[in-house]
Chemist: 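Mind looking over this structure? Questions follow.
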There are 2 protein chains.
Amino acid sequence: MPEARRHAIQGGVPMAATDTTAANELLAVRAAELYYEENKTQDEIGAILRVTRWKVGRLLQQARDRGIIRIEIVHPRARRLSLERELTASFGLRDAIVVPGPPDDRELQARVAEAAADFLVSVRPIPRLLGVSWGRTLHQVAECLPEGWSTGVNVVQINGGVSLSKRPGTAASTAVMIAQKAGGEATLLPTPAILERLETKRAIEGDRTVSGVVQRARGAAAYLYSAGVADTSSVHVDSGYLTPDDMRSLVEKGAVGDVIGRYITAEGTIADPELDARTLGLGLDELRDSPMSILVIGGEAKHPVAHAIVQHGLCSVLVTDEHTARSLLDAAPDSTTSGEDPS
Amino acid sequence: MPEARRHAIQGGVPMAATDTTAANELLAVRAAELYYEENKTQDEIGAILRVTRWKVGRLLQQARDRGIIRIEIVHPRARRLSLERELTASFGLRDAIVVPGPPDDRELQARVAEAAADFLVSVRPIPRLLGVSWGRTLHQVAECLPEGWSTGVNVVQINGGVSLSKRPGTAASTAVMIAQKAGGEATLLPTPAILERLETKRAIEGDRTVSGVVQRARGAAAYLYSAGVADTSSVHVDSGYLTPDDMRSLVEKGAVGDVIGRYITAEGTIADPELDARTLGLGLDELRDSPMSILVIGGEAKHPVAHAIVQHGLCSVLVTDEHTARSLLDAAPDSTTSGEDPS
DNA sequence: GCAGATCGTGCTCAGATGAGCAGAGCGTGG
DNA sequence: CCACGCTCTGCTCATCTGAGCACGATCTGC
């Protein structure tokens, strides 16, 4: 009966546009409640709200689009797939793992490490030889790996790490633990990370066993490493490789942090070439050109060094927390909302 | 080959149970991410996680049951249907409306009022005569009602409310606004809420017009009212009906708040019979026995009086916020998780 | 006042999903 | 050693749901 209809409309209030929009929003809320909280079918909801079931479907669609319905996965091992997608797209990464960021920094490190371990377990093809760095983060990753996480993965240390002062052997134990849990062998690099004199470094490097280890490291199918912050609380200062003054000097030269022992600037360049020459182990280019280099990094303090590494292609896989991920994306060069349409 | 299987199990680690549970949980998290964040079908997820699509469905079910997936409807007009169900079940209410509780008290009052207005609009059958109380909350409800919210609903005031000091006429304006917006007429009760002397009250009550109004109020199809807290910031003190000393005395006698001008204790009884005798308007029994009495109440401060009203059957419909609702349910007598299985 | 653009609606139909069922693996107790 | 119960699995089938389409209503510019 189009006659009656037209009549009613002409006689009614002419504020239709805004009115119906608001009414629809309220309807959408009611529909969402009945659908998501009461587990009713769209058909039932249609009967309750006096609309067709197709309209209910559209209302729910609107509610999702407009963010009225928020779906969250609350679990320590949850991930942020959308951020991962954006990261891989923005920085041309091979893969990215992003975990939700709890406020507590300790908890955050643990989750990132766990995620890194999960990733390592699932890497295909299995890297027969894995190059690893060392440090607190890497050690946590090693601990998270389950016994027998792989079969016959050999591990090689990619930078020196015989601690001069406290906690001797952490560097070695990390590599050994990863290898042992996969039933493989660990090849250690039993030298200091940074030598005091260039000549000493050259001499050690010339040693048959040491050069053999480095040579072996160059052939690794994947590298696993973290990064340190350039400040006086760094492990390099703690371990006695660098004095607090050295560190201050590095910061003055623009260093933001270290990657496998080498201090870099925000531009991704070596902060102090002279110091770098005295640093033993793999070079940055080898990391960059490797088939797979996995950076494990999390926490506010490490944002600057994470930026430097990711923006300059030093890693091909990134394991991090969501705050770091967002920070990276905010600074991304050409993230013109690419990868924004997941429908 | 059951032989080989059994062998493997006997030889392996006997922590099978925990292991698979944990693995399933992780799988459930991954499935949830792909389903809810990536909009993949259960079939696609099955292909990715190497399980059948039926298992994916079960994993998602588990994830929902275990609370891994949290679905929230974020909207000022959202409601808490599960709490509503629990309230109606626990207290034998005819209906309950629960809105989410924002931290801001002002905002909360606004939402409760809006919800009350929404409810009033949708009440069926339409009450041809509506008895209303007055106060800040009720005034807000009146303002929230849309113009033409109903057709020909008449309104009658159920308790006295001529203010002695500031803001004269708020009581009247509430009733008038509700009636006017529904195209009906308002019948006012132009008397003080509480009289100083019993004789005066009797005299006013004996007046033909006043008794007529009260008589009319008794026939209302529904009552709409709020409640006040028993403290010196009460409107009764503000308006001069009670002195701060009166109020202190009331509190000593166990008063938690007032319902249509009558102060009650936590046990639902009249706190001070002498004072009550001087209070003009409908009695509590008439509220209790009415076909529908709608209580609109929200906010931390009003929890005690809300408890008293709801637990002693003074309202049949409750409009409130979720904190108040939870508070009521926590104190509920026999809420043996009834109404907990909405599947 | 009218043709074209735009929007919202109700529908068809195929694809996605959940309930229910039979069978296999696994532990338990006779 | 086997019968029994329990749990988990994969399946069938009915139901639910979203994409796409045609239609009518409204809005816009000429």
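By convention in this document, chain letters (A, B, ...) are assigned in the order of the sequence lines, proteins followed by strands, and residues within each chain are numbered from 1.
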Chemist: What does nucleotides 11-24 of chain D look like as a protein-contact string, B for base, S for sugar-phosphate only, - for none, at under 4.0 angstrom between heavy atoms?
Modeler: BB---SBB-B----
Chemist: Determine all donor-acceptor pairs shorter than 3.5 Å in which one atom belongs to a side chain in residues 113-121 of chain A; sequence neighbours excluded.
Modeler:
residue	atom	partner	partner atom	Å
A:D118	OD1	A:R77	NH2	2.7
A:D118	OD2	A:R77	NH2	2.9

Chemist: Applying side chain to side chain contact (heavy atoms under 4.5 Å, CB included) to B:Y35 and B:T41, what does each step give before you reach the verdict?
Modeler: CA-CA 6 Å; B:Y35 193 74; B:T41 73; over 6 Å; no
Chemist: Among all residues two or more places apart in sequence or in another chain, which pass the side chain to side chain contact (heavy atoms under 4.5 Å, CB included) test with A:T137?
Modeler: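 Only A:Q109, A:S226, A:V296, A:K302 meet the side chain to side chain contact (heavy atoms under 4.5 Å, CB included) criterion with A:T137.
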Chemist: So, does B:E84 use its side chain to make a donor-acceptor pair with the main chain of B:D95 at under 3.5 Å?
Modeler: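 It does not hold such a pair.
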Chemist: Counting only heavy atoms not in B:E107, do more than 12 sit closer than 6.0 Å to its CD atom?
Modeler: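 Counting neighbours around CD of B:E107, more than 12 heavy atoms of other residues, nucleotides or ligands fall under 6.0 Å, so yes.
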Chemist: Can you check the B:K55 NZ to C:dT17 C1' distance for me, whole Å?
Modeler: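 Atom NZ in B:K55 sits about 18 Å away from atom C1' in C:dT17.
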Chemist: Using the C1' atoms of the five pairs at each end, what is the angle between the end axes of the helix from C:dG1-D:dC30 to C:dG30-D:dC1, to 10°?
Modeler: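 Rounded value for the end-axis angle: 20°.
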Chemist: Can you tell me if B:S327 uses its side chain to pair, donor with acceptor, with the backbone of B:H323 under 3.5 Å?
Modeler: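 Side chain of B:S327 to backbone of B:H323: no pair is present.
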Chemist: Measure CG/B:N39 against C1'/C:dG15 and give the value in whole Å, please.
Modeler: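 In whole Å, C:dG15 C1' and B:N39 CG are 15 Å from each other.
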Chemist: Please list, chain by chain and in numerical order, all residues satisfying side chain to side chain contact (heavy atoms under 4.5 Å, CB included) with B:I126, sequence neighbours excluded.
Modeler: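 For B:I126, the residues satisfying side chain to side chain contact (heavy atoms under 4.5 Å, CB included) (neighbours in sequence not counted) are B:R124, B:R128, B:S150, B:V153.
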Chemist: Can you name the residues that form a salt bridge (Lys or Arg N to Asp or Glu O under 4.0 Å) with A:R326, not counting sequence neighbours?
Modeler: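 By the salt bridge (Lys or Arg N to Asp or Glu O under 4.0 Å) rule, A:R326 matches A:E322.
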